[in-house]
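All remarks here apply to the structure that follows.
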Amino acid sequence: MASTKLKKIMTDDKNHLFQNYGNRQKVCFVRGRNSYLYDQDNRKYVDFFSGIAVSSLGYGTKAYAKALHRQVDSIIHSSNHYFNREQNEAGRLLNEVSFPGKTLFVNSGTEATEAAIKLARRYGMSHGKDRYRIITFDNSFHGRTYGGMTATAQKKIHDGFGPLVPGFTYLPGNDIKIFEKEIRKNRDVCAVMIELIQGEGGIQVADKRFVKDLFRLCNKNGILTIVDEVQTGVGRTGTMFAYQHFGVVPDIITMAKGLAGGVPIGAIHAKNFLPEFLPRGTHGTTFGGNHLACAAAAAVLKQVRAKAFLANVNAVGGYFFDALNGLSKKVGFIKEVRGLGLHIGIELTKPGADLVPKALEKGLVINCTADKVIRIMPPLNITLKTAREGMKILERLFLEEGGAQ
Ligand code: PLP
């Protein structure tokens, strides 16, 4: 039963806001501490979702909060008409933790996709007339603006919004023969865009052999490789970026979500030969990479790049995989547990959406995506103790749902 406070919040939502987020869970978080959230009635929850893999340092972490306070007290925004030390610093750090290249800051994941598309097309056009086509893969998710939505190979995301942006082709993932045939037939391809672990698509990890072959063919044929690291980037999978698990180096990575720990930001990082294809005046944003967002990103990157930090992601991730595989032996409806680091999907044999409010009732925040996949993406600095506490709740819920086999 919703409390009086919650009822008022829900009524205000209906009265004042678009109802495009039809499935809001019946809770309003008002504060957090480490990997715990507190609702309007001061009830405590273990957070296994971190606001869709965004609150990478959890809530109220000292060094991060201090960096933000300092920045708010000095300057939040000045615009890209001027030089910006915080942007320089965040760009320097990104260079250090990925590959030699340069960074362009934007405001969100979908805008990172847009920037990557624009860059790829400018590059393509300079390497042969009409090389504009971009290949993406079935079930991908790259955003909700027109470029991002078109790059997203999911019909349900497109429905009712046509005509979409021309020049995109969708291929099945993990099939190098189909890819090879496509680029032989059509010489107009300038780039591929791929999530190495599809997030919204249900934590689907790409096949390593396929990824290596894909990159080899792209490099050979002058096709840019764009890896969408919006969900997987900045430590989520136990390395700084997911591509580092696959033995490849992309030409462009896109990122957003966890990069600034909750302050809106997006970015592309591209190899040094690419920035010249977006010269002065070809792309830009008012807010992109403002002082506050970049101070937040620098504070996050400084923590995440530490060995001990990523070791925690891998250790707690390992704990989750063991515990969940153990649990799958006790309940009958877990089909598969997959993912890397703290980017984990539990595929069920039945729809999982109704488990989300049931978990909330017990004090645990989880998410369901792709209909049957429960996603576990806690803050990256979650302790083993808190992970265990949340797992206990999840186990109780799953046992109630499925019973012992
Ligand atoms: N790319 C991927 C892989 C994502 O998971 C998302 C969002 O979920 C996006 C792009 C779009 O990011 P945003 O919602 O910040 O626009």
Side-chain angles (χ1 to χ4, degrees), residues 18 20-21 23-24 49-56 104-120 134-154 156-158 161 165 168 170 173 191-206 211 225-237 240-243 245-246 250 252-269 285 287-290 293 296-297 300 339-345 367-371 373 375-377 380:
F18 271 46
N20 54 317
Y21 298 108
N23 290 329
R24 281 198 209 271
F49 190 42
S50 55
I52 332 185
V54 167
S55 308
S56 40
L104 167 68
F105 286 102
V106 291
N107 308 289
S108 64
T110 200
E111 285 172 79
T113 302
E114 300 293 338
I117 292 169
K118 285 179 76 173
L119 174 56
I134 295 173
I135 293 178
T136 65
F137 296 96
D138 291 349
N139 277 326
S140 54
F141 186 82
H142 300 292
R144 298 269 191 177
T145 49
Y146 264 87
M149 179 169 65
T150 309
T152 295
Q154 292 193 56
K156 68 169 193 238
I157 304 287
H158 302 162
F161 292 111
V165 180
F168 284 79
Y170 311 130
V192 295
M193 185 181 290
I194 184 169
E195 295 169 85
L196 295 176
I197 305 175
Q198 289 184 340
E200 302 307 300
I203 314 288
Q204 301 283 359
V205 186
V211 173
T225 49
I226 304 167
V227 172
D228 182 333
E229 295 265 11
V230 167
Q231 193 162 134
T232 52
V234 198
R236 174 58 52 193
T237 68
M240 275 309 298
F241 291 98
Y243 77 80
H245 289 285
F246 287 80
I252 303 170
I253 49 176
T254 60
M255 65 199 101
K257 288 197 187 285
L259 174 58
V263 179
I265 194 168
I268 61 170
H269 185 75
T285 134
F287 287 122
N290 80 7
V300 168
L340 282 169
L342 289 173
H343 194 227
I344 302 169
N367 163 259
C368 177
T369 188
D371 189 37
V373 181
R375 253 190 315 189
I376 306 286
M377 307 190 291
L380 302 177

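Position 1 is the first residue of the sequence; numbering continues from there. When a ligand or atom number is given, it counts from 1 through the structure's own listing order. Quantities reported herein were computed from a predicted structural model and do not represent experimental measurements.
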> Under the 3.5 angstrom rule, does the side chain of Thr150 hit a backbone N or O of Val165 as a donor-acceptor pair?
Replying inline: yes
> Without hydrogens or angle criteria, can the side chains of Thr237 and Thr232 be said to hold a donor-acceptor pair below 3.5 Å?
Replying inline: no
> Are Asp228 and Ser140 linked by a side-chain donor-acceptor pair shorter than 3.5 Å?
Replying inline: no
>> Can you tell whether the side chains of Lys118 and Glu111 come within less than 4.0 Å, N to carboxylate O?
In response: no
> What does the list of residues with a heavy atom under 4.0 Å from ligand 1 look like, ordered by chain and number?
Replying inline: Ser108, Gly109, Thr110, Phe141, His142, Gly143, Glu195, Glu200, Asp228, Val230, Gln231, Lys257
> Under 4.5 Å between any side-chain heavy atoms of His142 and Met193, yes or no?
Replying inline: yes
> Has the side chain of Glu114 got a donor or acceptor atom that lies under 3.5 Å from a matching backbone atom of Gly148?
Replying inline: yes
